Each structure stands twice: as structure tokens, then as C-alpha cells.
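Structure first, commentary second.
Fair warning: this is a prediction, and the values are worked out from it, not measured in the lab. Throughout, protein chains are lettered first and strands after them, A, B, ... in sequence-line order, and every chain is numbered starting at 1.
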Amino acid sequence: MNSMKKRDVENRLLAFEDLIMRISEALSKGVVELHDVEIEADELEIILQPVIAKAVAPIAERIERRIVELVKVAFEEVKLEFPGRVVEVKMGATKAEGGTRDKSIVLGGENLPPYFYITGLELAPHPPAFGGDIFDMRIPLPKAVKDVFGDALDNPIEWARVWVNKFGAEAIDVHLISTDPTIRDTPASESAKLIEDLLQQVKVPIVVGGSGNPRKDAEVFKKAVDVAEGERIVLNSLNLDMDLKDLCPYLSKKDAVVINFAPMDLDKAREINRKVYDWIPKDRIMLDLNIAGIGYGIEYGFTVNERARLAALIGDVELQHPFNVGAANAWSAREAWVSMDPYWGPREVRGPLWETLTCVICLLTGADYFMLLHPVSMGVLKEIRDYLFTEPNPSIDRALEWVSAKL
Amino acid sequence: MPWRAPSPVDLYGLLPKTNCGKCGEANCMAFAVKLVNLEASVEQCPPILEDPKYRQSYQRLKELVSPLVKEVVLRGPRGVVKIGGEYVLHRHELKYINPTAIAIDVDDSMNRDEIINKVKAIESFSYEYIGRKLSLDLVAVRSVTGDAEAFAKAVKVVIENSSLPLILCSLNPKVVEAGLRALSLDYRPLVYAATKDNWREMGELARKFEVALAVSSPGDLDMLVSLAKTLSNSVGVSDLALDPGCFIGRGGLAYTIKAFTHLRYKAIEQGFKYAAYPLVATPISVWTSVKGDAKAKAWWESIMAIALVTRYADIVILHSIEGWVLLPLVLWRFNLYTDPRIPVAVEPGLRVIGQPNEMSPIFITGNYALTYSIVSSDIERARIDSFLLVIDTEGIAIEAAVPGRKLTAEKVAEAIKAYGIDGRVRHRILIIPGRAARLSGEIEDATGWRVMVGPMDSRDIPGFMQKHWVPEKLEELMSRG
């Protein structure tokens, strides 16, 4: 009630202001007519002054404002230069390169912060790439993923084929979970056979993941590089718990790429890179700082990625490596896979969206390679990449249509 | 220029140095430290506000701690929403301050019931997350009819049914004015928007009604900052917010990310005044720019919102009220705006759930706040009398804490000793998270206790307990080697 009254008073004041303004406009012309009595402007001013001088002043100011012209100021383009550059790493090898892949993928090479679009400079020499995850045994997977791949889940080769042929995976990430001594303890030689088969059956670069057991993974990786000579497979991943002094010299004789894993810790990332540099050239090393899903600690990975990339650009040579993102972690968020109240939508929608959005956030930190679980994420992320890697050039005609459109 | 935190000593020099304690701190130095950490505002020092002799010091202090992006306050009858007020480009350089405000639209072509239903849905949106309620912030009222009266009517329906602050969306000043007149004085909305065509009238309205004004110049940054300069300097509108346009597709998404990034970069790193306002993002624009069904549009709306919350948007306007679009958005916003200097952690230690006895189970978990809140609530809901041993994993979730060595056998052994677990139970069995299965051998070696590997997800604990926490299994485990 009170505020209504206030509004009313204000409206009356505004009307008064308009009246005064008309008078003062007349004043500026020199004469004004009031009740048929012509008064010289000077006289009127004398009459009015004590009463409304206070009111007239801001109004005069307003009249002045009414003819305000646009003050033009240029938005000067941001210019940036950095001394550091991320190394270029090549995954896979074509016939010409000594392998049998249809295409190899080059990652890295950035020398600007991600998606800063500095006019005259290249956004990044290589766009990010997207691989599809497969596992060498049945593991608990979100329903949204099971629904898509169906029976192929029992056959890693078939799973990989579906990824490549149907969903356009640019690489295959095979996770050799069953090699874990506490799971099936599949011998490294047997896993190597799977790698050989994969190399035969799909012609994209292959990323070979272990089980996370440091001793067994080393064994598995050695056998994998043996059967993949010349193919430039990627090993996922090396970490500080492994016997690097034993593994790295072996790998150095082969041409595999390694992903160094240092979860959320830049000091550890530098440490493992320094150790691995002794045997493996920089351009065969990628970095994985780990990422969690939205709502599950993603901000740690986001910030550590941002810091690492900036440090690399400023000149920290030990961090100048392309980033790997294990997007499957997005699914560790319950919201990505549990059934919830219908308001929150079906999990078949929430899951792929969760993975996609987690990757969008990582893209913006400059991540280079993404290991994906769901084909919908693959499709949408490729489209986003396409949009991001075009010249900024909006079509502005209908930009504000939303304001008054019936949606 | 980039923000550099002033030293507490510099700030102390400007404070009264009387150690009066009226700010709630023991002394002026402690208050200075709080100011530097942005944990207190200068206004919390009563003497400096009241005593004219401190006027200069007050001004200087304000300058030293003021943000590089203007903070704009929007108001509804029951609360305020602050946008902008940022200091840094990257979160790790300090922290982000005011979480991106989320606005959902209604329009004046909707009938009364439709408006009420949507407004109620916006108002009641709530998601419980580590003990907090995540919610939406504003209602954006759009003029679709172009009719001033219809707009005023819609605004009235909204304010009768909600107390959230508003955005009034129309490019027609007459329509906006009708909307403004429909509001009581306890509202301070954001008017959307002044453009190159209507800025004089919109600027005048914003000044007259003392409201905040969004400036929209899709695809033209020169015009955007020119409008900002003219409106602030010549028209006298102090609270602006800038919208460089929200485009998707080839050329569009790249432009949008570029524009938001450059605007914020110039505000923070170069002190460019006319970019130093909150940024408005309009993912709602996908509803007119993207082809396809509603689901496809909502997907892109969600992607744009996430991308622009990441890239410096201070307020986002959306059309979707669907939970699946908004859930990742409110969670990511919460995550992004946490203070990176403080892990999202709870105190490590021993929690007693229900009324455990000497044969009750002991669960192990980490002290990441989310992990803890989920695990403890799952156990409580299942009414399992037990002990929950919270290990200091430095606020890191189990799946990252295991490979990152934040959860180790040694830490578990230390915690058992520190909290006197030996005396609490007769058995010697620990239930560890499924995601820490890899550590089971090491934990047995380091503690001398037997390890039972629990489920991958704590919601499966009740079923797990029924199956495994039974006398035969316990005996079997205890008699093993």
C-alpha cells in the first residue's frame, strides 16, 4: 500500500516535471504566455526563480540530455602473445607414416589460451579429437550406454566397429579392465591379441588403457607396443606408482605415445614428465590431470587444467603437453545415471547431456583429446567443435527476435 | 589492470586503528586481513562510516578493495540478486564472486494460469546438494504482444505470484515503461534492453526509475561499448549490463565465446571501463535460431548456458524450465563459484550413526563434502547403526583420491589409531568404498584389520549389508589367514 502511494506521488512529480519543462522550453525561446498576460522572460524568471529554481535546474539538464549524441568509442581488439607452445603429438600412423591407419590425428600446438580468438592469429593449429570407449569385459555401465550398444557390449571388436562405422569415433579407447589381477588377470599376451584384432578391424588410432594396476599395466603396455609396431598407439596411462625406469626404456624403442596421469596435481605432473623425458621424446607425451563430472568435483579438474595450460603458455616447458580427458568420469555423477523424479527428465537424456556438458567445460580449458562413453556426446561435441573452429562471424539479423517471439 | 590484492598492512594504515571491535574482529589488523580476503566489506567498520574525519580513508579503502567489474544489484520484495562484482579472469587467481544469476522467461501472450504455473515452477525449483538448496534467481517477463497494457498486466500477475526479482524484456520503451509503472518501489528490475535504436528512451527510463539497464548490441562490440559510454557518462545510468549477443552455429558460437571473453579480458586485464559491467547471456535465443524440435533446442540452450557460465556470463536468460536442462547448470554454477582456496570438505573424524554397538560395521569414506553427505545420508536412511570413519582426503572424492594418493592405507591406519577405533568394536573389519578396492591389500597390511570391499555406490550399502554383514561371512573373514 505504502509503495503504491509512493509510486503515485512519483507519477505526479513526473507530470509536474513535464509542465515545468514546457515552460522552460518556452523560456529558452524568450517569451511565454500565461493567462493571456504576456510577460517578458526576464520577469518570469524573477517570479519563478525562488519557487522552482531547484526544479528547473535538473530539467534544463534533461533538455540538454535529450539531444545527447552517441559517443563513439572503438572496442580495440585484444592482442596477446605467449612465449610458450604446447607440443604437437601424433596419434596413430597411416601407411605413409609406417602404420595402417586410414588417418592419424595430430593434437596440441596451441600457443594461445583456449578459444580466445585473437584476430590475425590461428585459433589453434589442431582441433580437439574424440574417441569412443570400449571395454574388454562386461562392466557396470549406465543404462543409456547399454541401450545404444546392445549385444556389441559382449564383443569389443564389434563395439569398436559400431563406434567407428555408425557413430564416427575418431579413435578407439580400449580399456583392458580384465587384466586386473583382482578381476580376471587376463594375461598381457591375450590382451595383445585383442589389440592386434582391433588394429585389423578398425582403421582409426587406438588408445590402449590398462586396469589401473601399476605392475600389470606395465606388462600389458609392453605386449601392446610389441604387436602394434609402427601404429603409434597411445598408452593410457603412466603414473608415478609405476616402475618407469623399467617400462620407459622399453617403450622408447617403440613409437607409442604415452599419457602421463597426474590427478589434479601440477607438481606431480611435472615430476612424472621429467622422469619420462629421460626416455621418451616430448612429442610423444600427453597429460591427463583427471576430471570429475559436473557436481562431482569438476571444478578441481577445470581449474588445474586452466592453470596448467596458462603455465605452459607462459613458458613452463614441463606442462606443454596436450590434455587428455576421460569423459567417462562424468558418469560418476549420480544425476547422470540414476532414475529420478520425473521432473528431472529421463536418465537416457540426462546421461549423454551430462557427458557432453562436462566435455564442453573441459574444451574451454583447452583439452585436446576426449574419451567418450556415449555416441550422442560424440555427435554433439563434433558439431560444437565445428562451430568453434570457424571464423567468428555472427548473422545478426534475427539476433533479438527471441525478445518478442512466441516461443 | 589485473587485480592485485592489497596488503593487509596498507589497509590497516587506513583503518581507525582503535581496535574498537565493532566490526566483530578482535582488532583492526584482523579486520584488514578479512578485507584483503574479501571476507568483509569496509562498511562493516562503523567508525569509518560515521566519523567525517575518516571520509578520505573510506574512499581510498573502497578503491583498494573494489571489484574490476561493477557489481549491480537487482531487487525483489524478498531479496536481492547481485551480478558482476568480479575481480579475476581465472578462478584460481582469487575466486569468482557472484554466482551467475539464472532467469527463466514468461511472456505476456500467456494466459494468467500459464504465467502462474511457470512462475511457480521457477520459484519452487530446488535441488538439494551437500546440504544446500540450489535454486533459480529471476523471472524474465517478455513482451510478445507489443502492447503496453498487456505487458503491465503480465508483470502484475508475476509479482502477485512470486517475490523473485525481474527482468523486463522489450525493445519498446513504452512497453517497458508500463512494466516499470506496474512495479512497486521494492522492485529494482533489470530492463532488457537498450539498443542502438532505442537507447535514448531506454536510458531516460532507467535513469528516471533508477533501475539497471541491459545494453544489447548483437555482433557489434564497438556499438556496445559506445552505448555503455554514452549511457553511463552522458545519460547518467550507472548500473548497466552488457549483452554482445548469443549466437550458435558456424561463426556464431565462435563469435559469442570471443565476445564474452574479450569483454571480460578488457575489463579485468586492461581496466577498460566500458567493458567493466556484468555480462548478460541469452541462451533463450536458441529457441528462435536453432531448427529442430523442442528437445533439440533445449539441448543447445543447455550447452550455451554451460559454456557462457564458464565464460564469464553474470546473468543468463533461459526459456526451459525442464529439470534436465537446469540441473547440470545449477550444479556447475555452484562448483565454479566455490572458493578454490578452500576445499569443499568436511572435518575428518569418526561419526556415529544411530546407536552402534561393539559388533556394528565401520564404513570408511573421504572428506570431500559431497562424498560425505551422500554416504552418510545413505547409511542414515537405511538406519544402519554404524561408525563412519571420515579420512582426510583433502576434500577430494574417492575416485580421484585413490589414484592421487589422498586416500592411502597409511591414512586409514593413522585414523584408526587417532580415533581409538580399537576400543569401539570387538571385530576387526573395515568396509571400504568400492572405488578404493585397489587399496584393500595395503589397508589390511597397514592396519592389521580385515577389509570388506563395499559397493561402488553408497546407495547400494543396504543391499550389500544384508548380503555380506552376516555372521557366517564375518567369521569367514576373521578366520582368514
Side-chain angles (χ1 to χ4, degrees), chain A residues 3-4 6-7 65 68 70-75 78 115-117 140 182 212 239 261 263-265 290 292 294-299 303 306-307 332 335 343-345 349-350 353-354 356-357 360-361 364 384 386-388 390-396 398-407, chain B residues 90-92 109 142-144 146 169 171 184-186 216 218-219 221-222 225-226 229-230 234-235 245 247 249-255 257-258 261-262 265-266 274 284-285 287-288 302-303 306-307 310-311 319 322-324 327-328 331-332 335-336 338 340 368 370 397 399-400 403-404 438:
Chain A
S3 57
M4 294 267 286
K6 272 199 227 161
R7 184 65 89 201
R65 280 208 178 98
V68 157
L70 186 71
V71 189
K72 290 200 173 150
V73 43
F75 186 87
V78 174
Y115 307 99
F116 263 53
Y117 300 99
T182 65
N239 61 60
F261 183 65
M264 323 241 174
D265 191 329
N290 205 10
I294 293 173
Y296 271 61
I298 188 173
E299 68 274 25
T303 282
E306 279 205 328
R307 285 177 54 204
S332 63
E335 289 85 348
Y343 173 68
W344 304 106
V349 175
R350 259 184 283 122
L353 181 65
W354 217 269
T356 301
L357 297 176
V360 167
I361 292 164
L364 292 172
I384 293 172
D386 178 41
Y387 295 166
L388 285 171
T390 51
E391 206 42 48
N393 180 25
S395 49
I396 57 173
R398 297 171 54 202
L400 289 178
E401 224 175 61
W402 68 268
V403 179
S404 57
K406 180 76 194 160
L407 303 180
Chain B
H90 300 100
R91 183 172 170 267
H92 65 263
S109 75
R142 295 185 303 119
S143 163
V144 165
C169 304
L171 304 182
S184 56
L185 280 181
D186 41 14
S216 179
L221 289 175
D222 286 338
V225 294
S226 298
K229 181 171 185 179
T230 311
S234 311
V235 183
F247 306 92
R250 293 177 64 84
L253 180 61
Y255 179 84
I257 299 289
K258 175 179 179 175
T261 305
H262 285 210
Y265 184 90
K266 286 188 77 82
Y274 306 113
I284 187 174
S285 63
W287 289 86
T288 54
S302 167
I303 289 165
I306 289 279
T310 313
R311 278 293 164 95
H319 177 60
E322 279 69 26
W324 59 271
L327 186 55
L331 283 167
W332 170 227
N335 295 156
L336 185 64
T338 52
Y368 175 40
L370 181 65
E399 61 261 45
R438 229 199 277 174

| said: Between A:Leu407 and B:Ile284, is there a side-chain heavy-atom distance shorter than 4.5 Å? | reply: yes
| query | Checking heavy atoms, do the side chain of A:Trp354, its backbone, both or neither come under 4.5 Å from chain B? | reply | side chain
| field | Minimal non-hydrogen separation, A:Met264 against B:Ala400, with atom names | value | CE-CB, 4.2 Å
| Can you say whether A:Ala292 sits under 4.5 Å from chain B via the side chain, the backbone, both, or neither, judging by heavy atoms? | neither
| query | Measuring from A:Trp402:CH2 to B:Thr288:OG1, what's the distance to the nearest 0.5 Å? | reply | 9.0 Å
| With a 4.5 Å heavy-atom cut-off, do B:Tyr274 and A:Phe75 have their side chains touching? | no
| request: To the nearest 0.5 angstrom, please state how far the CG atom of A:Leu353 sits from the CD1 atom of B:Ile303. | output: 7.0 Å
| said: Quick check: do A:Val68 and B:Ser234 have side-chain heavy atoms less than 4.5 Å from each other? | reply: yes
| said: Just so I understand: if I count every heavy-atom pair under 4.5 Å between each of B:Val144, B:Leu253, B:Thr338, B:Leu331 and chain A, which residue has the most? | reply: B:Val144
| request: Find the distance between CG (B:Asn335) and CD (A:Glu299) and round it off to the nearest 0.5 Å. | output: 4.0 Å
| field | NZ/NE/NH1/NH2 to OD/OE distance under 4.0 Å, A:Asp386 and B:Arg250 | value | yes
| message | Among B:Gly146, B:Gly245, B:Ser143, which residue has the highest count of heavy-atom pairs closer than 4.5 Å to chain A? | response | B:Ser143
| Using a cut-off of under 4.5 Å for heavy-atom pairs, which of B:Gly249, B:Gly219, B:Ser109 has the most such pairs with chain A? | B:Gly249
| note | Of A:Pro392, A:Ala405, A:Gly297, the largest count of non-hydrogen pairs under 4.5 angstrom with chain B goes to A:Pro392
| Given a strict heavy-atom distance threshold of 4.5 Å, which part of B:Ser302 is in contact with chain A: side chain, backbone, both, or neither? | both
| query | So how far is it from B:Ile257 CD1 to A:Tyr387 OH, rounded to the nearest 0.5 Å? | reply | 13.5 Å
| remark: Most contact-rich option vs chain B, by heavy-atom pairs under 4.5 angstrom, among A:Leu364, A:Leu388, A:Asn290, is A:Leu364
| note | Most contact-rich option vs chain B, by heavy-atom pairs under 4.5 angstrom, among A:Arg350, A:Lys72, A:Glu391, A:Lys406, is A:Lys406
| Toward chain B, the part of A:Phe261 with a non-hydrogen atom under 4.5 Å | side chain
| message | Quick check on B:Lys229 against chain A: is it the side chain, the backbone, both or neither that has a heavy atom closer than 4.5 Å? | response | side chain
| query | Who are the ring pair (Phe, Tyr, Trp, His ring centres under 6.0 Å) partners of B:His262, not counting sequence neighbours? | reply | none
| task | Kindly write out the residues that satisfy side chain to side chain donor-acceptor pair (under 3.5 Å) with B:Tyr255, not counting sequence neighbours, or none if the list is empty. | result | none
| remark: Comparing A:Asp265, A:Asn393, A:Val73 against chain B, the one with the most heavy-atom pairs below 4.5 Å turns out to be A:Val73
| query | How far apart are the C-alpha atoms of B:Thr261 and A:Tyr115, what are their side-chain angles, what is the distance that settles it, and do they pass the side chain to side chain contact (heavy atoms under 4.5 Å, CB included) test? | reply | CA-CA 8 Å; B:Thr261 305; A:Tyr115 307 99; over 6 Å; no
| note | In terms of heavy-atom contacts, B:Glu399 and A:Ser332 come closest through OE2-OG, 3.2 Å
| message | Check whether A:Thr390 reaches the backbone of B:Gly251 with its side chain - one donor and one acceptor, N or O, closer than 3.5 Å. | response | yes
| So which part of A:Thr356 gets closer than 4.5 Å to some heavy atom of chain B, the side chain, the backbone, both or neither? | side chain
| pair B:His90-A:Thr303: side-chain heavy atoms closer than 4.5 Å | no
| Is there side-chain contact between A:Leu357 and B:Trp332, with heavy atoms separated by less than 4.5 Å? | no
| remark: Counting heavy-atom pairs under 4.5 angstrom with chain A, the leader among B:Val225, B:Thr310, B:Leu336 is B:Val225
| note | Residues A:Gly212 and B:Arg438: closest non-hydrogen pair is O-NH1, 3.2 Å
| task | Give the member of A:Pro263, A:Gly345, A:Pro394 that has the highest number of heavy-atom pairs under 4.5 Å with chain B. | result | A:Pro394
| said: Quick check: closest heavy atoms across A:Phe116 and B:Tyr265, and the distance to 0.1 Å? | reply: CE2-CD1, 3.9 Å
| query | Highest number of heavy-atom pairs under 4.5 Å with chain B: which of A:Asn239, A:Val78, A:Val360, A:Ile384? | reply | A:Val78
| Hey, does A:Leu400 have a side-chain heavy atom less than 4.5 Å from the side chain of B:Pro218? | yes
